[in-house]
Amino acid sequence: MSLVGKKIVLFVDDPCDFTSPDGTNLIEARVVEFAQKGGAGRLVAEANHEVVVPDVRARGARLIMQPRHYGAKLSDLDKGKNVIVAVSIVPSGKPGGRARYALIGAVYIKGRESEEYSGFE
C-alpha cells in the first residue's frame, strides 16, 4: 500500500473558524511522504496553497499529520476510513524550519469519504 501521490482532504475542526481557498474548514493536499512508524504512521502532504493559522503564527503549504487518538492508523485511509489527526505546518521558505502544531482535523482520501463518519470524537 502506498499513500504517496494520493489526493487527500483535511476537514479542520480546530480552530473551528478556519477558512482556506478550498473552503470553510477544508484543505486539499497531495501526499508526498508516508512512514509507518510505531504502527500509527506519519503523513506529509503538500497543500494546494499556503495554509495560514494566525492564532499560532503558522504559515506554510507542507503539512505533517499524525493520528490524534491511540490505536488509530493512517494506513486506514486506504480502507476508506477517516482518521483524526494532529497537524503541524512547516514554515514556507524555510527548508530546515521547525514545524508548528496548528490544526486538528479528520483526513480522508479525496473521493473516499467514510459513510460511517459522524463527526469528531
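Rounded to the nearest 0.5 angstrom, Gln66 CD and Ser88 OG are separated by 7.0 Å. With rounding to the nearest 0.5 angstrom, the OH atom of Tyr108 is 14.0 Å from the NZ atom of Lys7. One distance of note links OH of Tyr101 with CD1 of Ile64; it measures 13.5 Å at 0.5 Å rounding. Atom CD1 of Ile84 is separated from atom CZ of Phe11 by 10.0 Å, given to the nearest 0.5 angstrom. A distance of 9.5 Å separates OG in Ser75 from NZ in Lys81, rounded to the nearest 0.5 Å. Put simply, OG on Ser20 and CG on Asn25 are 9.0 Å apart, with the number rounded to the nearest 0.5 Å.
Heavy atoms only, all atoms of each residue included: Glu28 and Asp22 are closest at N-OD2, 2.8 Å. Considering all non-hydrogen atoms of both residues, Leu74 and Leu43 come closest at CD1-N, 3.6 Å. The minimum heavy-atom distance linking Val90 with Ala99 is given by the pair CG2-CB, 4.0 Å. When every heavy atom of Leu103 is checked against every heavy atom of Pro15, the shortest pair comes out as CD2-CD, 3.4 Å. Taking all atoms of both residues into account, the shortest heavy-atom contact from Ala61 to Ser92 is N-OG, 3.8 Å. Nearest approach of Phe18 to Val52, heavy atoms of both residues: CE1-O, 3.7 Å.
No donor-acceptor pair under 3.5 Å is formed between the side chain of Thr24 and the backbone N or O of Thr19. Side chain of Arg59 to backbone of Pro91: no donor-acceptor contact under 3.5 angstrom is found.
Here Arg68 pairs with nothing under the salt bridge (charged side-chain N to carboxylate O under 4.0 Å, His left out) rule; sequence neighbours left out.
In summary, Arg62 and Glu46 engage in a salt bridge, as defined by a charged side-chain N under 4.0 Å from a carboxylate O. Between Lys79 and Asp76 there is a salt bridge, since a side-chain N of the basic residue sits under 4.0 Å from a carboxylate O of the acidic one.
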Are Asp78 and Ile109 close enough, and set up right, to give a side-chain contact (heavy atoms from CB on, under 4.5 Å), and what steps lead you there? CA-CA 7 Å; Asp78 239 4; Ile109 294 176; 3.6 Å; yes
Might you work through the side-chain contact (heavy atoms from CB on, under 4.5 Å) test for Val107 and Asn82, ending with a clear yes or no? CA-CA 6 Å; Val107 66; Asn82 301 317; over 6 Å; no
For Leu63 and Val51, what are the C-alpha separation, side-chain angles and deciding distance, and is it a side-chain contact (heavy atoms from CB on, under 4.5 Å)? CA-CA 9 Å; Leu63 311 172; Val51 175; 4.2 Å; yes
Step by step, would you call Val53 with Ile89 a side-chain contact (heavy atoms from CB on, under 4.5 Å)? CA-CA 9 Å; Val53 185; Ile89 299 174; 3.9 Å; yes
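Two residues are said to be in side-chain contact when any heavy atoms from C-beta on lie closer than 4.5 Å; Leu26 and Val12 fail this criterion.
Checked options Ile8, Val44, Val83; the residue passing with Met65 is Ile8 (criterion: side chain to side chain contact (heavy atoms under 4.5 Å, CB included)).
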